[in-house]
Amino acid sequence: MPTESPTVGRRSPAKAPRRRIGIDVGGTNTDAVLLEDERVLHAVKTPTTPDVTTGVRNTLAELLRSAGGLAPIGAVMLGTTHFTNAVVQRRELTRVAAVRIGLPASASLEPFSDWPEDLAALVRGEIVMLEGGHEYDGRPLVPFDTAGMRAAARRIREAGITAVGVASVFSPLNPFCEEQAAEILREECPGVAVTLSHRLGRLGLLERENATLLNAALVDLARRTTRAFTDALRASGITAPLYLTQNDGTVMLASVAETFPVYSFASGPTNSMRGAAFLSKRTDALVVDVGGTTTDIGCLRHGFPREANNVVEIGGVRTLFRMPDLLSLGLGGGSLVRRAPVAVGPLSVGYRLTEQSLVFGGDALTATDVAVAAGLLDVGDRRRVASLPVALVKDVLARAAAMIEEGVDRMKTDAREEPLIAVGGGCFLVPERLAGVSEVVHVQHEAVANAVGAAIAQVSGEVDQIFQNLSRDEAIERARRLADSQATSAGADPATLALVEVEDLPLAYLPGNSLRVRVRVVGEIA
């Protein structure tokens, strides 16, 4: 599949060029680019600020200055680690009522039972266990306890809880119980934010429920954050619609995405991988994204990140939903360097790089200082690192290279050599030769590949369901229609939707000619 929009480069001469702004808010820097069709017109990099939105405003102001003013912008795409950081740092989370529908089954482990205790103590509100749910073939386990749900909803209202996560046994196959619960909750608790597990996760009750509860705990923060980003755009004079990037390399309208903040958890490295594919014109390769704090290694397949098929931990919580297959290392341009024994990271000065590193007048020895001393980078005052021992510089760079080489080896699925695309502001740490790599590819604008990836993102829709009593073609067609509908409601132009992934698996142990079908479509922004 091509890495760019199917319409890129095919516009009529009479049609105005498409201009987009892509923004990526990282732990160290906030990057932004202005794209016209498939050309990067301008790119800027500014330090991330503690409140995030100030950094976005600063970046937009710098971008508009470099562009010489405000041109018509069709859309703004923004990727942020704000929601991931909230979970990892245990801040700005909302108390959640957990509703599990599955009794008499699923009673042995309550919701939050496998969460880190400090995080559970912040998020755990009411816990409600009710009869209901379905068998793996879609048949009801027992009738849904609507009276119990109504009584629980009243308790939730009286407790002042404003966020609820609902998970029912095998709800991805039959969401009836979850939808009934949501209807009752909205009747009894006006204004409550309800997250339903069948809209987020896959089969596997605990992991799906965990993703649902994390999402519910973040909805209030997501609303405040997306509205702050929208205000930052308005303050910059930009009236274009705002989209948030997602874990799979696509985008959703901010008004839709604020309901599903967990879909943005891995949007930063995913944006970098999509940007690497676009800038290098390669659809299948390894990608290493070296930022200021971390290095993320992933694998491109058909221009999109390879998806993780196993459990992914977020802040110590086991989840199973749409996430890229990534390996993160505590290595970046801001990583602190220890002299004896030589070590690089995982601690980093982060967005304080321009204050604390040696070349910028600070007293912290960082990977950036070592790169300047080695002549790999020309920033700050080189004289401040002239006295670094040559042996130390070599040892630090060798240690960084060994970390990257080991990470690349862990992400490969076979022994064949593959190309490696190096991007990110810290990609000067990637050596030109690595074991198992056929070539190290550098691209123009590699330091802002994450913002480029955000700017080129399309809108997606995905369905993963079991269909019964249908032929294979009929099941795939029905799944395709559902995925098309999802993408359209998320802001895609129906005329541009394209099928990018189809998986089907006959389930011989289920009755009724059962077939599990997973379909994914992408399309251009409407």
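Nearest heavy-atom pair across D24 and S267 is OD2-O, 4.5 Å. Residues P116 and V317 share a closest heavy-atom pair of CD-CG2, 3.9 Å. Heavy-atom minimum distance, A454 versus I23: CB-O, 3.9 Å. A pairwise comparison of heavy atoms in A211 and L200 identifies O-CD1, 3.9 Å as the closest pair. For V96 against F112, the heavy-atom pair with the smallest separation is O-CZ, 4.3 Å. The two residues S460 and T250 make their nearest non-hydrogen contact at OG-OG1, 2.9 Å.
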- Task: May I have the step-by-step check of salt bridge (charged side-chain N to carboxylate O under 4.0 Å, His left out) for D504 and R472, ending in yes or no?
- Result: CA-CA 8 Å; D504 63 283; R472 177 177 180 273; 3.0 Å; yes
- Message: For T496 and E524: C-alpha separation, side-chain torsions, deciding distance, then whether side chain to side chain donor-acceptor pair (under 3.5 Å) applies.
- Response: CA-CA 6 Å; T496 65; E524 289 303 301; 5.9 Å; no
- Does the pair R306 and E501 meet the rule for a salt bridge (charged side-chain N to carboxylate O under 4.0 Å, His left out), with working shown? CA-CA 12 Å; R306 184 176 69 201; E501 200 169 356; over 6 Å; no
- Give the intermediate values and the outcome of side chain to side chain donor-acceptor pair (under 3.5 Å) for residues E178 and S171. CA-CA 7 Å; E178 290 188 1; S171 62; 2.7 Å; yes
- Please report the C-alpha distance between V517 and E503 in whole Å, then the side-chain angles of each, then the deciding distance to 0.1 Å, and finally whether the side-chain contact (heavy atoms from CB on, under 4.5 Å) criterion is met. CA-CA 6 Å; V517 180; E503 293 179 3; over 6 Å; no
- Query: Where do S514 and Q468 land on the side-chain contact (heavy atoms from CB on, under 4.5 Å) test, with the steps shown first?
  - Reply: CA-CA 4 Å; S514 298; Q468 295 179 314; 3.1 Å; yes
- Test log, rule side-chain contact (heavy atoms from CB on, under 4.5 Å), inputs R199 and Q486: CA-CA 11 Å; R199 296 181 180 174; Q486 277 192 16; over 6 Å; no
- Task: Determine, stepwise, if the pair E258 / V219 fulfils side-chain contact (heavy atoms from CB on, under 4.5 Å).
- Result: CA-CA 6 Å; E258 68 182 22; V219 166; over 6 Å; no
- Item | R100/E110 under salt bridge (charged side-chain N to carboxylate O under 4.0 Å, His left out): CA gap, chis, key distance, verdict | CA-CA 9 Å; R100 182 190 294 171; E110 286 191 348; over 6 Å; no
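The aromatic rings of Y263 and F260 are tilted relative to each other, their planes meeting at an angle between 30° and 60°.
Side chains of V452 and V423 form no contact here, defined as non-hydrogen atoms less than 4.5 Å apart. For the pair L206/L109, a side-chain contact is recorded, criterion being any heavy-atom separation below 4.5 Å from C-beta on. For the pair F304 and V522, the minimum side-chain heavy-atom distance is below 4.5 Å. A 4.5 Å side-chain heavy-atom check between M149 and F144 finds at least one atom pair inside the cut-off. Taking 4.5 Å as the limit, some side-chain heavy atom of V169 sits within range of a side-chain heavy atom of L205. Side-chain atoms of D296 and L327, non-hydrogen and from C-beta on, never get closer than 4.5 Å to each other. The shortest distance between side-chain heavy atoms of L244 and T226 falls below 4.5 Å. Counting heavy atoms from C-beta on, the side chains of L221 and T94 never come closer than 4.5 Å.
Here CG of L326 is found 10.0 Å from OG1 of T294. Values are rounded to the nearest 0.5 Å. Taking CD1 of I421 as the start and OG of S272 as the end, the distance is 11.5 Å to the nearest 0.5 Å. Of the inter-residue distances, the one linking I476 atom CD1 with R481 atom CZ reads 12.5 Å to the nearest 0.5 angstrom. Here the OG1-CD distance, from T319 to E207, works out to 8.0 Å after rounding to the nearest 0.5 Å. Here the CD1 atom belonging to I127 is positioned 9.0 Å from the CG atom belonging to L213, to the nearest 0.5 angstrom. Here the CD1 atom belonging to I525 is positioned 3.0 Å from the CE atom belonging to M77, to the nearest 0.5 angstrom.
Formation of a donor-acceptor pair under 3.5 Å by the R208 side chain with backbone atoms of S168 is found in this model. Distance alone, capped at 3.5 Å, places no donor-acceptor pair between the S264 side chain and the Q246 backbone. Formation of a donor-acceptor pair under 3.5 Å by the R157 side chain with backbone atoms of E188 is found in this model. Although no hydrogens or angles enter the test, the distance criterion places no donor-acceptor pair under 3.5 Å between the side chain of T162 and the main chain of G191. Under a 3.5 Å cut-off, the side chain of D493 and the backbone N or O of A495 do form a donor-acceptor pair. Between the side chain of N247 and the backbone N or O of F265, at least one donor-acceptor pair lies under 3.5 Å. Using modelled atom types, one side-chain atom of N210 and one backbone atom of R318 make a donor-acceptor pair closer than 3.5 Å. In this structure, the side chain of N450 does not engage the main chain of V25 through any donor-acceptor pair within 3.5 Å. No side-chain donor-acceptor contact under 3.5 Å links E462 to the backbone of V521. Panel note: side chain E131, backbone G102; no donor-acceptor pair is recorded below 3.5 Å.
Under the 4.0 Å criterion applied to side-chain N and carboxylate O atoms, R150 and E187 are assigned as salt-bridge partners. Comment: D231 engages R234 in a salt bridge, judged by a side-chain N to carboxylate O separation of less than 4.0 angstrom. Ion pairing between R518 and E307 holds under the 4.0 Å rule for side-chain N and carboxylate O. Ion pairing of D220 with R224 is present here, as a side-chain N (NZ or NE/NH1/NH2) and a carboxylate O approach within less than 4.0 Å. The existence of a salt bridge linking K412 and E418 is excluded, since no basic side-chain nitrogen approaches an acidic carboxylate oxygen closer than 4.0 Å. Ion pairing between a basic and an acidic side chain is recognised when a charged N comes within 4.0 Å of a carboxylate O; R154 and E126 show no such pairing.
Residue S335 is tested with L347, L329, V344 for a side chain to side chain contact (heavy atoms under 4.5 Å, CB included); the sole match is V344.
By the 6.0 Å contact criterion, CZ on R416 is open, its count of non-hydrogen atoms from other residues, nucleotides or ligands being 12 or less. With a 6.0 Å radius and a threshold of 12 heavy atoms from other residues, nucleotides or ligands, R90 has its CZ atom above the threshold.
For T245, the side chain to side chain donor-acceptor pair (under 3.5 Å) partners are N271, not counting sequence neighbours. Not a single side chain to side chain donor-acceptor pair (under 3.5 Å) links S485 to another residue, sequence neighbours left out.
No side-chain donor from either of T146 and Q180 sits under 3.5 Å from a side-chain acceptor of the other. Checking T30 against T48 by side-chain atom types alone, a donor-acceptor pair falls below 3.5 Å. Side-chain atoms of T212 and T195 include no donor-acceptor pair closer than 3.5 Å.
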